[in-house]
There are 2 protein chains.
Amino acid sequence: MEGMTTTGTDGRALASLAALLADSTRASFCLALLDGRAWTAGELARTAGVAPSTASDHLTRLVQGGLLVEERQGRHRYVRLAGPAVAQLVEDLAGHAPAPPTPPRGLRAVSAGVALSYARTCYDHLAGRLGVLLHDALLDQGVLDRAGGLALTPVGVGWLAELGVPVEPLRVGRRPLVRDCLDWTERRPHLAGSLGAALCRRFLDLGWTVRGSGRAVRLTPAGRPALAAALGVAPDALAAPASRDTAPARA
Amino acid sequence: MEGMTTTGTDGRALASLAALLADSTRASFCLALLDGRAWTAGELARTAGVAPSTASDHLTRLVQGGLLVEERQGRHRYVRLAGPAVAQLVEDLAGHAPAPPTPPRGLRAVSAGVALSYARTCYDHLAGRLGVLLHDALLDQGVLDRAGGLALTPVGVGWLAELGVPVEPLRVGRRPLVRDCLDWTERRPHLAGSLGAALCRRFLDLGWTVRGSGRAVRLTPAGRPALAAALGVAPDALAAPASRDTAPARA
DNA sequence: CGCACGTGTCGGCCGGGACCGAACCGTGGC
DNA sequence: GCCACGGTTCGGTCCCGGCCGACACGTGCG
């Protein structure tokens with residue numbers, strides 16, 4: 001009677017998982033790692049503003065908890081999120097957290113912020129204004145449809161083939177093909193799931209986009225008209241914000 | 001350079017949200033509340049095995065954090081999850097937590113466990129073997145389709161109309177129409193989303209199912225053939241486990 | 001070989017927070 | 001009016017865990 005029969009995950013297990021993210025330093029690690037790349041322990045320590053020894057401790061716990069995986073190279077310890085499932089978990093949690101009243105501070109921070117809000121990676125797919133725009137355009141084009149839940153249409157399969165993205169290989173594993181992911185800056189959904197990741201990768205392969213510093217992404221001069229054509233929108237609609245869209249906010 | 005520009009949710013916000021679930025007592029509260037009903041502070045305190053004063057404290061924090069909403073009636077304080085979004089968050093987190101190696105203890109616990117694993121509510125939709133069976137049958141019947149992501153088909157709209165469930169009212173709000181929800185006991189998906197909730201409610205209204213003790217649900221004698229017909233399966237496929245399917249584990 | 005550097009370990013400090021018991025307060029029943 | 005009961009508030013205790021500095025270890029460079 002006392003122990004109660006929860007017959008499912010028990011409170012302790014849930015709590016210990018949540019505890020991994022319940023520390024601001026570890027949380028900031030995970031948010032940083034949401035760019036999908038591998039970071040070294042030192043990098044994470046610096047961006048979080050803690051001593052290397054502290055960061056090392058946290059990383060050990062995150063790895064042991066299964067949220068991160070590590071890869072050692074020489075004297076470096078690279079860590080990254082353990083997979084899309086973990087990324088989604090962090091995204092969801094972050095999406096429910098109250099938006100910070102953080103008006104960027106310095107000039108440099110502002111321009112960096114502008115670049116990030118225009119286009120960035122969210123784990124392994126596109127986010128920011130460009131990500132939301134892609135999401136909306138795919139719905140307009142009939143590539144996606146949300147009449148009965150977000151889904152790829154038969155039309156969409158053809159559209160993807162034309163772009164050089166075969167769909168079948170994307171159906172492997174438990175990961176959903178398409179999924180909404182709430183955009184932090186736009187507060188509207190962009191496209192995630194294995195298809196979102198494949199598109200992001202394909203755009204990079206085609207040279208339509210390139211990675212900027214950190215998680216920022218830029219649309220190349222060649223990529224703009226090409227992507228506009230594929231999405232059936234005017235190239236102007238893809239214009240980057242105020243600053244030159246080729247230079248990533250000159251220092 | 002030092003402060004870093006996360007340009008999104010900041011680590012502290014994420015951490016404070018996660019901290020709400022990072023305590024085993026609060027976590028067990030949320031898991032208990034996943035049945036979708038409103039519990040009193042005392043009930044939660046007893047099932048978690050803590051003093052009323054402790055529970056009161058925890059509830060205040062959970063309400064302030066926006067995870068729970070309260071409703072005071074006389075000398076009682078009823079709390080329930082703040083909404084489907086919170087329920088999904090807890091589910092997801094619980095789904096990623098390691099499965100507990102908890103072989104039920106006593107005789108009574110075993111039969112209660114059997115009833116629960118057969119059919120129960122998961123916030124506001126059906127879970128357990130019956131929930132998974134429903135999910136699979138809907139896919140077989142062509143009501144749902146996951147060719148391009150889980151979605152309701154045109155055929156499904158008709159099927160629902162026949163059952164007396166109009167679809168349009170379900171499209172309101174941000175909540176997805178259909179969604180997979182990982183079943184704790186079956187470790188396979190069952191149907192969530194506004195449609196999952198509507199079906200669960202409809203079955204209760206039709207008298208096909210009734211609520212048992214706690215979050216358990218039972219299929220009524222009248223409901224079994226009716227549901228079997230609607231799903232296009234043999235009534236035997238819906239048979240409850242070993243024990244009598246009418247008595248919910250006496251005393 | 002020795003030095004710099006990135007990382008892990010240990011000890012110690014300290015704050016937060018989980019918990020309880022006791023007293024207090026309002027509700028509802030007698 | 002009294003009492004039982006559910007809930008809350010308040011001290012006080014105690015432990016967990018985040019943090020650092022100092023030291024040890026291995027890598028890679030000069």
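All values below come from the heavy atoms of this structure, side chains included, with hydrogens, waters and symmetry mates left out. Labels below follow one simple rule: chain letters A, B, ... track the order of the sequence lines, proteins then strands, and each chain is numbered from 1.
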*Within the modelled atom types, does a donor on one side and an acceptor on the other bring the side chain of A:Thr60 and the base of C:dG8 under 3.5 Å apart?*
no
*Is there a donor and acceptor pair closer than 3.5 Å between the side chain of B:Thr40 and the base of D:dG6?*
no
What is the distance, to the nearest angstrom, from the [atom1] atom on [X] to the [atom2] atom on [N]?
{"X": "B:Glu43", "N": "D:dG6", "atom1": "CD", "atom2": "P", "answer": "10 Å"}
{"X": "A:Asp57", "N": "D:dG17", "atom1": "CG", "atom2": "P", "answer": "12 Å"}
{"X": "A:Leu44", "N": "D:dC19", "atom1": "CG", "atom2": "P", "answer": "14 Å"}
{"X": "A:His58", "N": "D:dC20", "atom1": "NE2", "atom2": "P", "answer": "8 Å"}
{"X": "B:Leu21", "N": "C:dG17", "atom1": "CG", "atom2": "P", "answer": "15 Å"}
{"X": "B:Arg46", "N": "C:dC19", "atom1": "CZ", "atom2": "P", "answer": "17 Å"}
{"X": "A:Arg61", "N": "C:dT9", "atom1": "CZ", "atom2": "C1'", "answer": "16 Å"}
{"X": "B:Tyr78", "N": "D:dG7", "atom1": "OH", "atom2": "C1'", "answer": "13 Å"}

For [N], does either OP1 or OP2 sit under 4.0 Å from a side-chain N or O belonging to [X]?
{"X": "B:Arg77", "N": "D:dT8", "answer": "yes"}
{"X": "B:Thr54", "N": "C:dC20", "answer": "yes"}
{"X": "A:Thr25", "N": "D:dC19", "answer": "yes"}

*Does A:Arg37 CZ have over 12 foreign heavy atoms under 6.0 Å away?*
yes
*Counting only heavy atoms not in B:Arg202, do more than 12 fall under 6.0 Å of its CZ?*
yes
For the pair [X] (side chain) and [Y] (backbone), establish whether a donor and an acceptor sit closer than 3.5 Å, ignoring hydrogens and angles.
{"X": "B:Ser194", "Y": "B:Arg175", "result": "no"}
{"X": "B:Thr220", "Y": "B:Trp208", "result": "yes"}
{"X": "B:Asp35", "Y": "B:Thr121", "result": "no"}

*Would you jot down, in residue-number order, the residues of residues 66-76 of chain B having a non-hydrogen atom under 4.0 Å from DNA chain C?*
B:Gly74, B:Arg75
Please tabulate, for the side chains in residues 56-67 of chain A, all donor-acceptor contacts under 3.5 angstrom to protein atoms that are two or more places apart in sequence or on a different chain.
unit_1	atom_1	unit_2	atom_2	d
A:His58	ND1	A:Arg26	NH1	3.1
A:Thr60	OG1	A:Ser56	O	2.9
A:Thr60	OG1	A:Arg77	NH2	3.4

*Of the options B:Glu70, B:Glu43, B:Glu71, which is the one that meets B:Arg80 in a salt bridge (Lys or Arg N to Asp or Glu O under 4.0 Å)?*
B:Glu71
*asked:* Using a 4.0 Å heavy-atom cut-off, does A:Asp23 contact any base of the nucleic acid, only the sugar-phosphate backbone, or nothing at all?
replied: sugar-phosphate
*Looking only at side-chain atoms of A:Ser53, point me to the closest of C:dC20, D:dC20, C:dG17.*
D:dC20
